[in-house]
Amino acid sequence: MTTDLLKHAFDPGSIAIIGASDDPNKIGGRPIHYMLRHGYRGEILPINPKRPAIQGVPAYPSFAELPRVPEVAIVAVAGDAAVAAVAECARAGVKVAVVIASGFGEIGPEGRAVQDRMVADARAHGMRIVGPNTQGIANFGSGAIANFSTLFTEIPPQDGPVAIASQSGGMSQVIYGLVRGRGIGVRHVHATGNEADVTVSDIAWAAVHDPDVRLLLMYLESIADPALLARAAAVARERDLPIVALKAGRSASGQRAASSHTGALANEDRVVDAFLRHHGIYRVRDQNTLARAADAYLHGWRPAGRRLVVISNSGASCVMAADESESLGLPLADLAPQTRAAVAAKLPGFASTANPIDITAALLSNSGLFSDILPVLAEDPAADLFFIDIPVSGAGYDVEAFARDTAAFAAKTGKPVAVAAWQPEIARVFREAGVAVFDHGVDALGALAQVADHAALMRAPHPTWPAPAPVDLPAGDGRFLDEAASLALLAGRGLPVVDHRLCRDAAEARAAFTAIGAPVVVKACSVDVPHKSEHGLVALGITDAAGAEAAFAQQWDKLAAMGARRDGVVVAAMRRGLHEFMVGARVDPVFGPVVLVGDGGRNVEALGDVVVLVPPFDVAEVLAALARLRIAPLYAGVRGEPAWDMAALAEIAVAVGRLIRDADGRIASLDINPVIVGAAGGGAVIVDALVERANGETAT
């Protein structure tokens with residue numbers, strides 16, 4: 001039925017309005033007004049027991065007296081009347097009900113219970129619900145506007161290539177206004193409200209199947225159906241259709257506010273981040289950024305790199321652009337000597353031909369400078385992106401020529417060209433020429449960085465993993481496996497585990513020391529004590545057999561004193577390397593298996609320098625994620641230290657991801673800390689591990 005949303009909700013043959021109003025400023029009147037005004041092709045069926053006609057359209061006293069069953073019903077009545085109306089629509093065979101009424105899941109458990117019953121009734125009859133607590137949906141391609149927003153009056157709609165899917169009605173309108181303010185047409189504006197049934201993922205899936213949509217913008221407070229959103233993203237990548245998302249609730253306070261606002265459960269932010277990145281969805285931090293790059297995307301820019309060329313008639317603008325480009329990770333292109341020579345031949349002798357290129361006030365006397373130097377720069381293979389900053393122009397400048405030459409260059413080369421022009425009249429000329437123009441250099445450079453980053457995300461390969469292999473957990477019903485059992489599980493999957501022995505008496509500890517060799521670590525092993533160091537149950541740097549025996553005895557006795565189960569004592573080789581990392585995995589209640597990799601050791605919780613990965617992924621994706629850690633500058637080695645074997649760490653992360661995927665929900669989490677990484681080519685070794693069973697898991 002999700003695919004059918006494109007037909008039934010976005011282009012229905014008939015729409016009924018329960019609670020229709022003759023006043024176009026009332027909630028029950030605005031959709032009728034909009035549909036009449038914007039060319040809805042289907043039949044409008046107002047329901048109002050007090051009026052024979054609504055806004056000139058014949059009205060009906062009740063749903064039962066409609067001449068036919070509508071495809072869509074707008075429920076613009078409140079409380080129990082809304083619940084009853086939804087039930088009547090479902091029994092009659094309505095395909096989609098847009099429930100504008102509030103007072104359901106967003107107000108607490110009682111409202112949630114009513115909402116759940118309403119949805120169950122609808123589903124029993126095959127009807128989908130948008131909302132409740134929704135501003136509605138609107139398709140300006142078909143004129144089907146089941147939406148009561150006032151902004152469609154303030155900012156007239158225009159059909160176009162952009163779709164907007166939002167949980168929040170208000171935010172859907174903000175995004176609409178920002179995009180339309182850039183002169184871009186918008187086809188779809190859909191708000192899902194409480195998402196009792198239809199979610200943003202459903203809307204995204206339907207929107208990416210609209211052949212006229214070329215950009216999808218989303219506002220999310222939760223992701224209720226990540227699997228469907230992942231499928232929509234895959235279709236979008238096949239179509240080269242960018243999806244940009246604003247996911248609110250980054251902070252703990254924001255997550256609480258999101259839950260209060262929509263009744264939705266907040267998703268852990270870094271998992272959301274990893275999910276969106278993995279599926280080629282570009283995440284932004286605010287609504288302005290969400291809309292800012294819309295025309296850049298619609299120009300079809302998919303740059304292969306991010307090396308920037310800056311051109312301005314102001315030296316100060318060149319300096320500021322260089323500063324901003326560095327903060328955005330846009331390196332200034334190192335132009336070839338022949339390029340600089342060719343540019344120099346076109347410019348006055350006092351102009352700068354280094355990148356940034358300051359063409360100076362000579363632009364006032366020679367309006368052809370843009371057309372002279374742009375083709376020369378386009379030939380340089382180091383040039384991926386172009387930024388033109390025009391801080392001053394107007395009388396005496398041939399702005400039309402500047403705009404015409406810039407547009408011709410962009411059309412001929414396909415190179416991304418962003419112009420900054422804060423003077424409204426100058427900006428208008430460039431915009432009318434079809435050039436992407438911004439009020440400020442920061443916005444222009446930000447848009448270039450965004451499309452470059454997003455293009456890389458969309459073309460990143462999506463690896464596949466082999467079919468799952470069996471995962472055999474040891475017998476027992478404890479929440480955790482002890483350390484020895486955890487290490488054995490990992491070793492059985494081929495992961496590099498430290499040489500160790502599980503000992504149950506002092507003699508075994510002595511024999512283990514002899515077999516392994518000095519130095520060793522001695523650690524208590526008990527399912528009741530998953531975090532040993534906090535209880536003084538780890539002894540480091542043992543260099544003789546007597547020390548191993550003594551450490552065994554001390555820890556064995558302490559476990560007894562604590563009343564903890566004594567599974568044994570682990571004697572393990574004490575390994576040294578260049579750095580300690582951690583690799584973890586858990587089953588997220590929304591997104592399923594996820595893997596964490598980051599800086600390890602005792603301070604992992606305090607520092608939190610970790611990245612999250614969503615399966616399936618390969619070594620290359622892990623290495624790219626590790627490059628985002630704060631400690632990344634150390635990987636190559638500093639002050640004579642050798643480079644670290646990050647590939648070995650990445651291979652462990654992939655293997656851990658496959659393990660938790662293969663466990664199929666039987667493992668709740670894995671905590672591997674530390675993983676000691678050696679010099680490049682020297683590998684990595686797992687020193688400690690803790691496996692947590694899923695609730696109720698007692699496999700043998």
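In this chain, numbering begins with 1 at the start of the sequence shown.
Looking at Val590 and Pro226, their side chains come closer than 4.5 Å, going by heavy atoms from C-beta outward. Counting heavy atoms from C-beta outward, His278 and Leu613 have side chains that stay 4.5 Å or more apart.
Under 3.5 Å, the side chains of Ser149 and Gln173 contain a donor-acceptor pair of N or O atoms. No hydrogens or angles considered: nothing links the side chains of Ser102 and Asn133 as a donor-acceptor pair under 3.5 Å. A donor-acceptor contact under 3.5 angstrom links the side chains of Tyr297 and Gln450, judged on distance only.
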Report task. Walk me through it: do Phe430 and Phe402 pass the test ring-ring contact (aromatic ring centres under 6.0 Å, His included)? Result -> CA-CA 8 Å; Phe430 275 91; Phe402 303 162; 7.2 Å; no

- Query: Given Phe148 and Tyr34, is the ring-ring contact (aromatic ring centres under 6.0 Å, His included) satisfied, shown in steps?
  - Reply: CA-CA 9 Å; Phe148 68 89; Tyr34 289 144; 9.7 Å; no

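We find that Asp202 and Arg128 are joined by a salt bridge, their nearest charged nitrogen and carboxylate oxygen being less than 4.0 Å apart.
Annotation: His38 is not in aromatic contact with Phe152 [ring centroid separation under 6.0 Å not met].
Listed by chain and residue number, Arg302, Met458 satisfy the side chain to side chain contact (heavy atoms under 4.5 Å, CB included) test with Asp240 (two or more places apart in sequence, or in another chain). For Ala144, the side chain to side chain contact (heavy atoms under 4.5 Å, CB included) partners two or more places apart in sequence, or in a different chain, are Pro12, Ile15, Tyr40, Ser142.
A distance-only check finds a donor-acceptor pair linking the side chain of Ser325 to the backbone of Ala321 [under 3.5 Å].
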